[in-house]
K.L.:
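Here you go, one structure.
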Amino acid sequence: MDSSIFSRKLKRKKGGAEGRGVKEGSDPISRLPDCIIFSRELKRRRADRGGAPGCSTSEGPDLISDLPDCILGVIVSLLGTDEGARTAILSRRWRNIWRSAPLNLDDRLQHFYTDSQRAQVISEILDAHPGPASRAAFRSLHTPSSVSRYDDWLPLPVFDGLQELILHLPLTVEHPEMPASALRFASLRVLDIDNCTFPVSDCAPSFPCLTYLSLRQVGITEKLLQGIISNSPGIDAMKLDTNFGHRRLCLSMPSLRYLAVLVRCFDKREEVELEDLVVEDASSLERLLLHQVNYGPSVRITGATKLQMLGYLGTGFPIIQLGDSIFKGMVPVSMVEQFSTVTILALEMTEPKLKVVIDYLRCFPCLEKLSIKFNVNIWTSLETDLHWDPFAPNKCLDHSLKTIVLQSYDGLKKHVEFAKFFIKRAKVLRLMKFCCSRACTTRWIQNQHMRLNMERRASRHAQFSFASESDLPLKFWLDEAFSRDDPFIETL
């Protein structure tokens, strides 16, 4: 079997289950004995030596098939549903491995399949595989009548020990009620729910093993959501995306490492929506990721002494409070403390506001990467009365800031003057990216080099790159924000 299959799949698994990272060394393959090596290079070396006795000089011994069934089962479970089933054709040795391996069920079939065909395939897989199932991802059924099929599948014994559940209900139905059986799995490590309403209950389900929670377009009461989180003390990554049914959440989450809060609606809806999020004792928090269009909740975080990544901070969030420091409408209004652990910061503003950015640099003196997005969809103005001096010493500009990204750069006079400040002041700058809303012709780029006066840059090692936003991949930056080293830059 080609080792490249395993390497690709393991990279995908380490990238996270829908954004959740996997700790290094946690996969069973990495714990195999050193004598078992899967590489084309090894085959080539054996071929050069003439091969091992009794073995083909072109292929070498089949070391994988010599592994015990339990290890082969783990390998197959790392593959997708269709690829795992196809391993049965490799040899007689592999014929029954898929049926005895933990089932990784993912219903992503080709678009030309109808809902009834998809449901039939899923039912046939569940009939053919006695279980157990470790992962179930249901997200391709589109019609209202398909929702009832989950009531048939989820209570099956094959799912009794389920560890990962991804349940995205049809968008053609506005927030249908989630099947109650979807909340019966105490063994869950990953819970990803999209477009539904939680069933009314006085008792919150318990997920003692849960590490990743994602709720998007979900209706749930404050009592039930707080109960689920309280009963899941091991959550280290959580995404709350445009949910409703609760106005305020006050949580104590000492194990939480990654938190994303999103609002992807232009106007407030009639449903009760989150207005105030409080996370107390966030002593493990490393990433606070925020996204909004024109409005969002106030976010208050205490105890975030390990915070490394923050953004996008935008005008739609009324208040962002970190410890005793307050950012109101994005403007720093009370800077009681500095956050020396933060190395990556992203800001979102209508137009260049140098005063605001300089104040942020003072708040985060050890910043290494700064991403700034000029978003024309945000209408709230940015004003600040804080004292500022553009020529005053700045620890961040003098010693740490190495990467700057400007998005929706048009080459307007105010854009040029804004960028020139950093070119002249950032003494250790290594890279400055300009993501432009227009076509970047060679002549236009040369003109920008001249207008920006890059020859007088403070850092002799600085490099500058221009790219048109139309040439960048159309991928929402928060889809993989928990697994990427820097989602603000790597998605460009």
K.L.:
A quick test of your reading: do over 12 heavy atoms of other residues, nucleotides or ligands sit less than 6.0 Å from CZ of R460?
P.N.:
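Yes, because the 6.0 Å sphere around CZ of R460 holds more than 12 heavy atoms from other groups.
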K.L.:
Should we count CD of E417 as having more than 12 external heavy atoms under 6.0 Å?
P.N.:
yes
K.L.:
Indicate whether any N or O donor in one side chain lies under 3.5 Å from an N or O acceptor in the other, for D276 and S298.
P.N.:
no
K.L.:
Apply salt bridge (Lys or Arg N to Asp or Glu O under 4.0 Å) to K414 and E351, showing your working.
P.N.:
CA-CA 8 Å; K414 56 186 177 182; E351 58 184 14; 3.2 Å; yes
K.L.:
Distance-only, no hydrogens or angles: does the N195 side chain make a donor-acceptor pair with backbone N or O of Q217 under 3.5 Å?
P.N.:
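No, N195 side chain to Q217 backbone: no donor-acceptor pair under 3.5 Å.
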K.L.:
Does I228 form a side chain to side chain contact (heavy atoms under 4.5 Å, CB included) with N231? I'd like the steps, not just the answer.
P.N.:
CA-CA 5 Å; I228 291 175; N231 293 337; over 6 Å; no
K.L.:
Kindly give the heavy-atom pair with the smallest separation between A182 and L165, and that separation in Å.
P.N.:
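Minimum heavy-atom separation between A182 and L165: O-CD2, 3.5 Å.
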K.L.:
Backbone N or O of L367 within a donor-acceptor pair of the S400 side chain at under 3.5 Å?
P.N.:
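Indeed, once roles are kept as given, a pair shorter than 3.5 Å links the two residues.
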K.L.:
What I'd like to find out is whether the side chain of L191 reaches to under 4.5 Å of the side chain of L188, using heavy atoms alone.
P.N.:
yes
K.L.:
Quick check on K420: does its NZ atom have over 12 non-hydrogen neighbours (other residues, nucleotides or ligands) under 6.0 Å away?
P.N.:
yes
K.L.:
Would you say S187's side chain and L162's backbone share a donor-acceptor pair under 3.5 angstrom?
P.N.:
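The answer is yes, because a donor-acceptor pair under 3.5 Å joins these two groups.
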K.L.:
Please report the shortest heavy-atom distance between S459 and A426, naming the atom on each side.
P.N.:
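For S459 and A426, the tightest heavy-atom pair comes out as CB-O, 3.6 Å.
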K.L.:
Assess, by modelled atom type and distance only, whether the side chains of Y409 and Q448 contain a donor and an acceptor separated by less than 3.5 Å.
P.N.:
yes
K.L.:
Indicate yes or no for a side-chain donor-acceptor contact from S483 to the backbone of E480 under 3.5 Å, with no hydrogens or angles considered.
P.N.:
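Present.
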K.L.:
State, to 0.1 Å, how close P318 and G296 come at their nearest heavy-atom pair, and which atoms those are.
P.N.:
CD-O, 3.1 Å
K.L.:
When you look at N243 and L274, which way does the side chain to side chain contact (heavy atoms under 4.5 Å, CB included) test go after all the steps?
P.N.:
CA-CA 7 Å; N243 301 313; L274 183 62; over 6 Å; no
K.L.:
Would the distance check show the side chain of T197 and the main-chain N or O of H175 forming a donor-acceptor pair, the cut-off being under 3.5 Å?
P.N.:
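Yes, because the side chain of T197 sits within donor-acceptor range (under 3.5 Å) of the backbone of H175.
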K.L.:
With side chains defined as the heavy atoms from C-beta onward, is the minimum distance between I344 and R287 less than 4.5 Å?
P.N.:
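When only atoms from C-beta onward are counted, R287 and I344 do not touch, as no gap falls below 4.5 Å.
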K.L.:
Find the distance between CD (Q463) and NZ (K433) and round it off to the nearest 0.5 Å.
P.N.:
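The CD atom of Q463 sits 11.0 Å away from the NZ atom of K433.
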K.L.:
Atom NE2 in H449, atom CE in M454: separation rounded to 0.5 Å?
P.N.:
4.5 Å
K.L.:
Where is the tightest heavy-atom contact between L307 and M309, given as atom of each residue plus distance?
P.N.:
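Smallest interatomic distance, heavy atoms only, reads CD1-O, 3.7 Å.
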K.L.:
With side chains defined as the heavy atoms from C-beta onward, is the minimum distance between T305 and T341 less than 4.5 Å?
P.N.:
no
K.L.:
Checking the side chain of S283 only, and the main-chain atoms of G303 only, is there a donor and an acceptor separated by less than 3.5 Å?
P.N.:
no
K.L.:
Can you classify the ring geometry of H415 versus F374 as parallel (below 30°), tilted (30 to 60°) or perpendicular (above 60°)?
P.N.:
parallel
K.L.:
Without swapping roles, check the side chain of E280 against the backbone of A282 for a donor-acceptor pair under 3.5 Å.
P.N.:
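No.
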K.L.:
To the nearest 0.5 Å, what is the distance between CG on L288 and CD1 on I320?
P.N.:
7.0 Å
K.L.:
For a 4.5 angstrom cut-off between non-hydrogen side-chain atoms, does K239 reach L262?
P.N.:
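Yes, side chains in contact.
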K.L.:
Check whether any side-chain heavy atom of Y258 lies under 4.5 Å from a side-chain heavy atom of I235, and answer yes or no.
P.N.:
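No; the side chains remain at least 4.5 Å from each other.
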K.L.:
Return the set of residues passing side-chain hydrogen bond (donor to acceptor under 3.5 Å, both in side chains) with R184 (not counting sequence neighbours), or none when no residue passes.
P.N.:
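So R184 forms a side-chain hydrogen bond (donor to acceptor under 3.5 Å, both in side chains) with D160.
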K.L.:
Are any non-hydrogen side-chain atoms of L370 and V357 less than 4.5 angstrom apart?
P.N.:
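Yes. Closest side-chain heavy atoms under 4.5 Å.
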K.L.:
If you round to the nearest 0.5 Å, how far is CE of M178 from SG of C196?
P.N.:
3.5 Å
K.L.:
I would like to know whether L215 and F198 meet side chain to side chain contact (heavy atoms under 4.5 Å, CB included); could you show each step before the answer?
P.N.:
CA-CA 11 Å; L215 302 177; F198 271 65; 4.2 Å; yes
K.L.:
Verify, without hydrogens or angle tests, whether T221 (side chain) and L224 (backbone) share a donor-acceptor contact under 3.5 angstrom.
P.N.:
yes
K.L.:
So which heavy atom on T242 is nearest to which on V263, and how close?
P.N.:
OG1-CA, 3.8 Å
K.L.:
Evaluate the criterion side chain to side chain contact (heavy atoms under 4.5 Å, CB included) for residue pair F434 and V405; output intermediate values, then yes/no.
P.N.:
CA-CA 6 Å; F434 299 84; V405 178; over 6 Å; no
K.L.:
Look up atom CD in E286 and atom CG in D236, then write down how far apart they are to the nearest 0.5 Å.
P.N.:
9.0 Å
K.L.:
Distance check, rounded to the nearest 0.5 Å: Y150 atom OH versus L141 atom CG?
P.N.:
4.0 Å
K.L.:
Less than 4.0 angstrom from a charged side-chain N to a carboxylate O is my criterion; do E164 and R189 meet it?
P.N.:
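Counted as a salt bridge, because a side-chain N and a carboxylate O are separated by less than 4.0 Å.
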K.L.:
Test K402 against E368 for salt bridge (Lys or Arg N to Asp or Glu O under 4.0 Å), laying out the working first.
P.N.:
CA-CA 5 Å; K402 299 176 182 178; E368 297 179 3; 5.3 Å; no
K.L.:
Determine, stepwise, if the pair S140 / D107 fulfils side chain to side chain donor-acceptor pair (under 3.5 Å).
P.N.:
CA-CA 6 Å; S140 67; D107 69 349; 3.0 Å; yes
K.L.:
Relative to the ring of F185, is the ring of F159 parallel (under 30°), tilted (30 to 60°) or perpendicular (over 60°)?
P.N.:
perpendicular
K.L.:
Side-chain contact, heavy-atom cut-off 4.5 Å: R457 with L429?
P.N.:
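Answer no - side chains too far apart.
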K.L.:
With D398, which residues qualify under side-chain hydrogen bond (donor to acceptor under 3.5 Å, both in side chains), at least two apart?
P.N.:
none
K.L.:
Identify the two heavy atoms, one from F422 and one from M432, that lie closest to each other, and give their separation to 0.1 Å.
P.N.:
CB-CE, 4.4 Å
K.L.:
If you define the side chain from C-beta out and look only at heavy atoms, does anything of Q226 sit under 4.5 Å from L251?
P.N.:
yes
K.L.:
Using side chain to side chain donor-acceptor pair (under 3.5 Å) as the criterion, point out the one residue from D106, D194, D192 that pairs with R139.
P.N.:
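Result: among D106, D194, D192, D106 is the only option passing the side chain to side chain donor-acceptor pair (under 3.5 Å) with R139.
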K.L.:
May I ask you to decide if L79's main-chain N or O and N104's side chain share a donor-acceptor pair within less than 3.5 Å?
P.N.:
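Here the side-chain-to-backbone pair exists.
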K.L.:
Testing the 3.5 Å rule here: is there a donor-acceptor pair between the side chains of S408 and E469?
P.N.:
yes
K.L.:
Taking the six-membered ring where the residue is Trp, are the ring centres of F327 and F317 under 6.0 Å apart?
P.N.:
no
